[in-house]
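A short write-up of the structure that comes next.
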Amino acid sequence: MGYKTIIEDDIDVLVAGAGLGGTGAAFEARYWGQNKKIVIAEKANIDRSGAVAQGLYAINCYMGTRFGENNPEDHVRYARIDLMGMVREDLAFDMARHVDSAVHQFEDWGMPIMRNEKTGAYLREGRWQIMIHGESYKPLVAEAAKNSADKVFNRVCVTHLLMDEAKENRVAGAVGFNVRTGNYHDRVLLTVL
Amino acid sequence: MPTFVYMTRCDGCGQCVDICPSDIMHIDKGLRRAYNIEPNMCWECYSCVKACPHHAIDVRGYADFAPLGHSVRVHRDEEKGVIAWRIKFRNGKKDMDLLAPITTKPWGSGHPKLSEAAAPNDEVRKSELLYNEPKYVRMDDGGLHTLESNGLEIKEGVYY
């Protein structure tokens, strides 16, 4: 049995692994690089892959600054105590200040989020959790990624990153194989970010 | 507990093969029916159960709360935007129906077309904002938080 080698050239942004994070990244990448070539490689099917494949009935991190509930620094304080100090606070703060806008966009895309009928705030089941009807959480975000990406390679597992000879410590491409056929996928990544 | 296929309902269309995150739903070449090739690697994620157009796939429950003979049926409908679950107990008498929305909009209609959206200008590119920000952070009520705006600074080391 021979294996084919498939080469995909001139990729500007390669998303290696498209769970909820990768599919979201492909969507955001289209905004920053509207004429760039965005390609997704995922070892399963992006409609149902990653930790949210089966749906998720809560969003476990939402500040609710809009409803006067928490500020990003409150979340950093929580994470610091929860992890006994072993936390990159700058990264936690950065994540916390952007997470609300992601949730508001999910609601725009059609995610059913439960609300308190009187106040209009999202219903919570914990200080950081909000309640959603999230059976189609992943398909909903995958839909956004499919609209944004130029090409989606399902069932392709990226195994190695290729380093750029011209510039030290820069990734220039990646290789992977199709988990079904064994076909070797070789693709070139031109970093834009 | 893993999925199994009702051979009389399956027509070998392969929707479950396409969707399975573990890649363990395969088509038997002789019978031309789907089957779970590696039951102990099944996540019980129900992706294949929902994807099957003939409702030919079911998942065995754990014996401690769901003795053999029960079934969990599911029908996911993107057009109607709902998912319906029906739990049948093995005595045949109890039958629980659960209905939940999967979307608030006609499927796929809520996504913006980013290739047609206004391109970010240089000022936006140099800022700390992501797409739709700062509007979407607090929905027009104030901008993005920064360490400075919140009266904070990064300190070295572990402290409480």
Side-chain angles (χ1 to χ4, degrees), chain A residues 27-32 34-35 43-45 47-50 53-55 57 63 65-67 71-73 76-77 80-81 84-86 89-90 93-94 96-98 100-105 107-113 133-140 143-144 146-148 154-155 179-180, chain B residues 17-23 43-48 50-51 74 76 78 81-83 100-117 119-120 125 128-142 144-147 150-152 154-155 157-160:
Chain A
F27 169 80
E28 183 81 19
R30 176 54 74 209
Y31 172 67
W32 296 103
Q34 276 165 325
N35 49 6
K43 70 174 177 287
N45 183 329
D47 274 337
R48 296 279 183 190
S49 64
Q54 71 273 54
Y57 279 76
M63 301 300 114
T65 310
R66 170 190 175 188
F67 304 114
N71 281 319
E73 61 267 31
V76 175
R77 199 171 298 119
R80 181 201 302 146
I81 292 167
M84 294 184 281
M86 300 292 284
E89 298 190 6
D90 51 343
F93 183 81
D94 197 36
R97 66 189 181 143
H98 289 293
D100 282 17
S101 83
V103 173
H104 299 150
Q105 285 184 84
E107 190 177 33
D108 252 14
W109 298 352
M111 172 89 78
I113 302 182
H133 284 294
E135 192 280 329
S136 292
Y137 199 167
K138 186 67 207 292
L140 216 54
E143 202 74 27
K146 283 190 277 188
N147 289 343
S148 300
N154 284 325
R155 307 289 171 188
V179 298
R180 294 243 170 101
Chain B
V17 182
D18 274 352
I19 206 71
C20 176
S22 271
D23 203 13
W43 306 357
E44 309 129 39
C45 72
Y46 276 82
S47 296
C48 60
K50 294 166 191 165
V74 59
R76 180 174 176 274
E78 283 184 2
V82 291
I83 187 160
I102 59 172
T103 177
T104 56
K105 300 185 173 175
W107 187 259
S109 69
H111 300 93
K113 283 211 175 73
L114 287 182
S115 47
E116 291 165 21
R125 284 187 183 280
E128 299 177 6
L129 302 173
L130 297 175
Y131 174 61
N132 263 342
E133 287 181 357
K135 179 178 187 292
Y136 269 56
V137 177
R138 285 185 265 173
M139 302 308 278
D140 282 336
D141 178 28
L144 192 69
H145 286 264
T146 62
L147 289 178
N150 289 22
L152 302 164
I154 296 224
K155 287 181 264 183
V158 178
Y159 58 93
Y160 290 95

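These numbers come from a predicted model, not from an experiment. Chain letters run A, B, ... following the sequence lines, proteins first and then strands; every chain starts at 1.
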How many angstroms lie between atom [atom1] of [X] and atom [atom2] of [Y], to the nearest 0.5 angstrom?
X	Y	atom1	atom2	value
A:His133	B:Thr103	NE2	OG1	12.0 Å
A:Glu107	B:Lys105	CD	NZ	8.0 Å
A:His104	B:Lys135	NE2	NZ	10.0 Å
A:Gln54	B:Lys50	CD	NZ	7.5 Å
B:Thr146	A:Arg97	OG1	CZ	7.0 Å

Heavy atoms only, distances under 4.5 angstrom: which of [options] has the most pairs with chain B? Name it, please.
options	value
A:His98, A:Arg30, A:Lys146	A:His98
A:Ser49, A:Pro72, A:Ala44	A:Pro72
A:Gly55, A:Ser101, A:Ala144, A:Gly134	A:Ser101
A:Pro139, A:Ser148, A:Gly50, A:Ala96	A:Pro139
A:Val179, A:Asp90, A:Leu140, A:Asn154	A:Leu140

Do you know which two heavy atoms are closest between [X] and [Y], and how far apart they sit?
X	Y	result
A:Gln34	B:Ala117	NE2-O, 2.7 Å
A:Ser136	B:Ile102	OG-CB, 3.3 Å
B:Leu129	A:Trp32	O-CZ2, 3.3 Å

Short question: side chain of A:Glu135, backbone of B:Pro101 - any donor-acceptor pair under 3.5 Å?
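Checked: no pair found.
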Donor-acceptor check, side chain of B:Arg138 to backbone of A:Asp100, threshold 3.5 angstrom: yes or no?
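Such a contact is absent between B:Arg138 side chain and A:Asp100 backbone.
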What class does the angle between the rings of A:Tyr31 and B:Tyr131 fall in, given that below 30° is parallel, 30 to 60° is tilted and above 60° is perpendicular?
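A:Tyr31 vs B:Tyr131 ring planes: tilted.
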Test item: A:Arg180 and B:Val17 side chains (from C-beta on) under 4.5 Å apart, heavy atoms
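A side-chain contact under 4.5 Å exists here.
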4.5 Å side-chain heavy-atom contact, B:Tyr136 and A:Val103
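No, every pair of side-chain atoms sits at 4.5 Å or beyond.
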Look at [options] and state which one has the largest set of heavy-atom pairs under 4.5 Å with chain A.
options	answer
B:Leu152, B:Leu130, B:Ile83	B:Leu130
B:Pro21, B:Pro120, B:Cys45	B:Pro120
B:Cys20, B:Gly108, B:Ala100	B:Cys20
B:His111, B:Arg125, B:Glu128	B:His111
B:Glu78, B:Lys113, B:Arg76, B:Glu44	B:Arg76

Sort [X] into side chain, backbone, both or neither according to what part of it lies under 4.5 angstrom from a heavy atom of chain B.
X	result
A:Arg77	neither
A:Asn147	side chain
A:Phe27	both

Heavy-atom proximity to chain A below 4.5 Å, by part of B:Asn132
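Just the side chain, heavy atoms under 4.5 Å.
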Under the side-chain contact (heavy atoms from CB on, under 4.5 Å) rule, what do B:Ile19 and A:Asp47 come out as? Steps first, then yes or no, please.
CA-CA 7 Å; B:Ile19 206 71; A:Asp47 274 337; 3.7 Å; yes
